[in-house]
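Worksheet for the structure shown next.
A note on names: the letters A, B, ... follow the listed sequences, proteins ahead of strands, and every chain is numbered from 1.
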Number of protein chains: 2
Amino acid sequence: MAQSRGETRARILRTAADLFQRQGYGATGLTQVLTESGAPKGSLYFHFPQGKEQLAAEAMAQAGAEMGERMAAALAGAAGPADAITALGALLAQGLENSDYRDGCPVATVALEEAGDAGPIHDACQGTYELWLLGLTERLRGWGMAEQEARELADLAMSSLQGALLLARVRRDSTVVHSVARRIGAIAAQEAGQK
Amino acid sequence: MAQSRGETRARILRTAADLFQRQGYGATGLTQVLTESGAPKGSLYFHFPQGKEQLAAEAMAQAGAEMGERMAAALAGAAGPADAITALGALLAQGLENSDYRDGCPVATVALEEAGDAGPIHDACQGTYELWLLGLTERLRGWGMAEQEARELADLAMSSLQGALLLARVRRDSTVVHSVARRIGAIAAQEAGQK
DNA sequence: ACCTCTCTAGACCGGTCGGTTTAGTGTTCG
DNA sequence: CGAACACTAAACCGACCGGTCTAGAGAGGT
């Protein structure tokens, strides 16, 4: 056998995550995933018996977890709340710039498409956001912020960054991500200080 | 003739705007638009000779303009920067709640799908955001804010609201929209005051 | 050696996709 | 009255959709 155990599965998953992120669920065909990953159709349905839905749910969960780790690393190196949020902004903005404004949030496009109907894809997207928010909330708490305050601030930061990412992709200009991160970071520092 | 001049065209456009908003561009078939609007296929290609792309571009532009008017009305009734931004939040949150979390931003889903490639749809989405931002910026300037300050604050408010709308749709809970609007409103008031 | 189990390979399916074409219907205006 | 026009109506097209199925290649165990 040419590939080692599970290698094809991983390659399909990665390709699918990239395509879903950039084009959305409905606009991405399985044929495209297969062509770009170099896998035959039989392999796809061997590894993902529930078809496109399972593939998308797993792809979103994986992409979300990977981005979560990158976020955690950025947060770990931050000196305080303001630094933490500008670091998140820088991380996301860099992803945009490095991909010619194709890679924004790994789950946002699919999340919006699937927001209407329940199912594993929606669950995976929702879980991803809650994972990220949990990580940020805990980091803020580590700087002495109260539980509810940290949670609300994390919501505010995540919302702002997500929206800025959307605006930046549409404009093909990442300036807004940096400026929004800077402002929200300043608010976070202020709230942490006056506590 | 059963319908008056252009009535079928308007009905197709409205149905298309609703479906694109909720499901995205790729996931919405022309057949569905036709079925729900009650129009035959021939009429669609008579009124929109460039097909699906033209339909989507016009639908986004119309939906964006309508929302822009609703936003302008909300802004017109506001007493100051804080009031203005909470009013926008209330408007958007109400749309979510009234539609069982289906109607968020009328263009966001399509905008993300089409962010990668240039074309009339992307242009319509970008134009919509710039229209909204222009309206908010001018309203802020009316309260004595400097040009650049108003522009940056409008970017911040729009980003935050868009992101909150995304989060709220995924969670099926509009709380985050209200809380984000309140906080950003407070910042806006503070900036306007200390000027 | 051989069997078994995992995984690859791709032909094939019915259905739906966006799009085209042709015929016809009602209105308007000369 | 009848020709020109605006629009409706739906049959039809090739391409592609997601999904199924069967055949076989390769590695590991005994």
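- Between B/Thr8 and D/dT8 there is a side-chain N or O to OP1 or OP2 distance below 4.0 Å.
- The CD-P distance, from B/Gln50 to C/dT20, rounds to 10 Å in whole Å.
- Within the structure, a side-chain polar atom (N or O) of B/His47 is placed less than 4.0 Å from OP1 or OP2 of D/dT8.
- The nearest whole Å value for the distance from the CG atom in B/Leu44 to the P atom in C/dG19 is 9 Å.
- Dense packing is recorded around CZ of B/Arg102, with more than 12 heavy atoms of other residues, nucleotides or ligands lying under 6.0 Å away.
- In this structure, CZ of A/Phe46 is placed 17 Å from P of C/dG10, rounded to the nearest angstrom.
- With C/dC7, C/dG10, D/dA6 as the choices, the nucleotide that has an atom nearest any side-chain atom of A/Pro40 turns out to be C/dG10.
- Note: CG (A/Leu30) to P (D/dA15) measures 20 Å, nearest angstrom.
- The distance from atom CG of A/Leu165 to atom CD of B/Gln162, rounded to the nearest 0.5 Å, is 12.5 Å.
- Residue B/Tyr45 places at least one side-chain N or O under 4.0 Å from the OP1 or OP2 atom of C/dG19.
- Following rounding to the nearest Å, B/Glu7 (CD) and D/dT8 (C1') show an atom-to-atom distance of 13 Å.
- Enclosure of atom CD in A/Glu147 by more than 12 non-hydrogen atoms of other residues, nucleotides or ligands within 6.0 angstrom is indicated.
- Note: A/Leu167 CG to A/Arg169 CZ = 12.5 Å, rounded to the nearest 0.5 Å.
- Regarding contacts with the backbone of D/dG18, a side-chain N or O of A/Lys52 is found under 4.0 angstrom from either OP1 or OP2.
- Rounded to a whole Å, the CG atom of A/Leu34 is 11 Å from the C1' atom of C/dT8.
- Among the atoms of the strands shown, base atoms are found under 4.0 Å from some heavy atom of B/Gly42.
- Picking from C/dT6, D/dC7, C/dG18 the nucleotide with the shortest atom distance to the side chain of B/Lys41 gives C/dG18.
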